[in-house]
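So the structure is just underneath, and the comments pick up after that.
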Amino acid sequence: MTKPPVGSNRSGRKLGQKVKKGKLKASSRRWIERHINDPYVQRAQLEGYRARAAFKLLEIDEKHKILAGARRIIDLGAAPGSWSQIAAKVTNSTDTDPRVAAIDFLEMDAIPGVSFLQMDFLDPQAPEKLKEAIGGAPDIVLSDMAAPTTGHRQTDHIRTMHLCEVAAHFAVEVLAEGGHFLAKTFQGGTERDLLNMLKQNFRQVVHVKPASSRAESVEMFLLAKGFKGRHASRSDEPAEGAAEK
Ligand SMILES: C[S@@+](CC[C@H](N)C(=O)[O-])C[C@H]1O[C@@H](n2cnc3c(N)ncnc32)[C@H](O)[C@@H]1O
C-alpha cells in the first residue's frame with residue numbers, strides 16, 4: 001500500500017495552508033504541526049481508523065489481553081469512533097445483532113454493528129438507555145471520555161476525573177462477571193476512594209500509559225480486570241495495588 005502524503009486529507013490540506021500562510025497563533029501552529037507529523041495519525045489513516053486513539057486501546061490490549069472473547073462492549077465518549085470500530089470487530093457485531101453500545105454528546109458517523117446514543121453520559125437517563133441498547137451484560141466497559149477543556153488545567157482534571165468515577169460506578173453496575181473496565185484518567189489523578197472501590201470489585205487494578213499516549217500528556221488509563229460480580233462480598237481481599245504497568 002502506498003503511503004499518502006502527510007496532511008493529504010482535506011482538513012489536513014486546509015490546515016497546512018493556514019500554517020504556511022502564517023494565519024495562526026504560535027500555539028495553534030505548534031499543535032497542528034505536531035498533529036500532521038504524528039506517526040500515529042498517519043498510521044490511523046492507513047489502517048482505516050477514525051482516530052489515533054485506536055492505538056492506545058490496541059497497545060493496552062496487546063499487553064493486558066482484555067479484548068479477546070468479548071461478546072458485548074460499551075464505549076463511553078466514543079466519537080469519532082476508533083475504539084467503537086475495534087469493539088465492533090472484536091465482538092463480530094452487526095446491525096442485525098448489535099453487540100456494541102456507544103455514547104457521546106458529539107455526533108458520530110455510523111459504524112456497522114454499533115448502537116450509538118448521542119447524549120451526555122452524565123444525563124441520568126444515559127445508563128438505562130445504554131443498558132437497553134446493549135441488550136445484555138457487557139464484558140468490557142471502555143471510557144475514553146475527556147471533559148471539554150476550559151483552559152483551566154485543574155478544573156479540566158477534576159471534570160475528567162468525575163467522568164472516570166461515574167463510568168467506574170456504571171461499570172460495576174452493568175459488567176458481566178470476569179469483565180473489564182478501562183478508563184482515561186490523569187497521572188496522580190485517581191482518587192483513593194475510587195481505587196479502593198475498584199480494588200474491592202476487580203481482581204487486578206493497574207494504571208497504564210501506552211506509548212501512543214503522548215509522553216508530554218498527563219493522560220493515563222486505569223484498567224480494572226476481572227470483575228468479581230455483584231455478589232462479591234465487601235469483605236473480599238482487595239486486589240493488587242494500582243502501580244503503573
Ligand atoms: C478522546 S475523545 C474519544 C476518542 C474515541 N475513544 C475514539 O477512539 O475515537 C473523548 C470523547 O469524550 C466525549 N465526552 C466527554 N464528556 C462526555 C460526556 N459527559 N458524555 C458523553 N461524551 C463525552 C467527547 O465529546 C469526546 O468525543
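Whatever order the structure lists ligands and atoms in, that order sets their numbers, starting from 1.
- Other residues, nucleotides and ligands contribute over 12 non-hydrogen atoms within 6.0 Å of the NZ atom of Lys131.
- By the 3.5 Å distance cut-off applied to N or O atoms, Met145 is not counted among the residues near ligand 1.
- Nearest to atom 26 (C) of ligand 1 among the protein's heavy atoms is Asp104 OD2, 3.4 Å.
- Atom CD of Gln118 sits in a crowded spot, with more than 12 heavy atoms from other residues, nucleotides or ligands closer than 6.0 Å.
- Of the polar atoms of Asp75, none of the N or O atoms is found under 3.5 Å from an N or O of ligand 1, judged by distance alone.
- Neither side chain, Asp156 nor Thr149, offers a donor N or O lying under 3.5 Å from an acceptor on the other.
- Paired with Val208 under the rule side chain to side chain contact (heavy atoms under 4.5 Å, CB included), one option of Glu59, His64, Lys56 passes, and it is His64.
- Considering only non-hydrogen protein atoms, atom 2 (S) of ligand 1 sits nearest to Ala79 O, 3.7 Å.
- Looking at Arg50 against ligand 1, nothing comes within 4.0 Å, counting heavy atoms.
- Heavy-atom distances between Gln85 and ligand 1 stay at or above 4.0 Å for every pair.
- With hydrogens and angles ignored, the 3.5 Å screen pairs a side-chain donor or acceptor of Arg230 with a backbone N or O of Val172.
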Self-check item: Stepwise salt bridge (charged side-chain N to carboxylate O under 4.0 Å, His left out) check, Lys63 with Asp61
Solution: CA-CA 5 Å; Lys63 186 156 182 192; Asp61 181 55; over 6 Å; no
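- Looking at Leu142 against ligand 1, nothing comes within 4.0 Å, counting heavy atoms.
- Contacts between Ala78 and ligand 1, counted as non-hydrogen atom pairs separated by less than 4.0 Å, involve the backbone only.
- Regarding atom 10 (C) of ligand 1, its nearest protein heavy-atom neighbour is Asp144 O, 3.3 Å.
- Considering only non-hydrogen protein atoms, atom 19 (N) of ligand 1 sits nearest to Asp120 OD1, 2.7 Å.
- Taking every heavy atom of Pro80 and a limit of under 4.0 angstrom, the matching atoms of ligand 1 come to 9 (O).
- Counting heavy-atom neighbours within 6.0 Å of Glu173 CD, excluding the residue itself, gives a total above 12.
- Using a 4.5 Å heavy-atom threshold, the side chains of Glu165 and Met197 count as separate.
- The shortest contact between atom 15 (C) of ligand 1 and any protein heavy atom is with Ala146 O, 3.0 Å.
- Close approach to Leu106 involves these atoms of ligand 1, each under 4.0 Å from a residue heavy atom: 25 (O), 27 (O).
- Counting only distance, with no hydrogens or angles, the side chain of Arg50 and the backbone of Gly81 share no donor-acceptor pair below 3.5 Å.
- Atoms of ligand 1 found under 4.0 Å from any heavy atom of Leu163, numbered from 1 in the order shown, are 16 (N), 19 (N).
- Taking the six-membered ring wherever Trp is involved, the centroid distance between the rings of Phe170 and Phe121 falls below 6.0 Å.
- At the top of the distance list for atom 20 (N) of ligand 1, counting protein heavy atoms only, stands Phe121 N, 2.8 Å.
- Taking each of Ala53, Ala44, Gly81, Gly77 in turn, the one with a heavy atom nearest to atom 9 (O) of ligand 1 proves to be Gly81.
- Grouping the Ile, Leu, Val, Met, Phe, Trp and Tyr side chains by contacts below 4.5 angstrom, directly or via other members, places Val218 with Met161.
- Comparing Phe55, Trp83, Phe105 against atom 16 (N) of ligand 1, the shortest heavy-atom distance belongs to Phe105.
- In terms of protein heavy atoms, atom 8 (O) of ligand 1 is closest to Ser82 OG, 2.5 Å.
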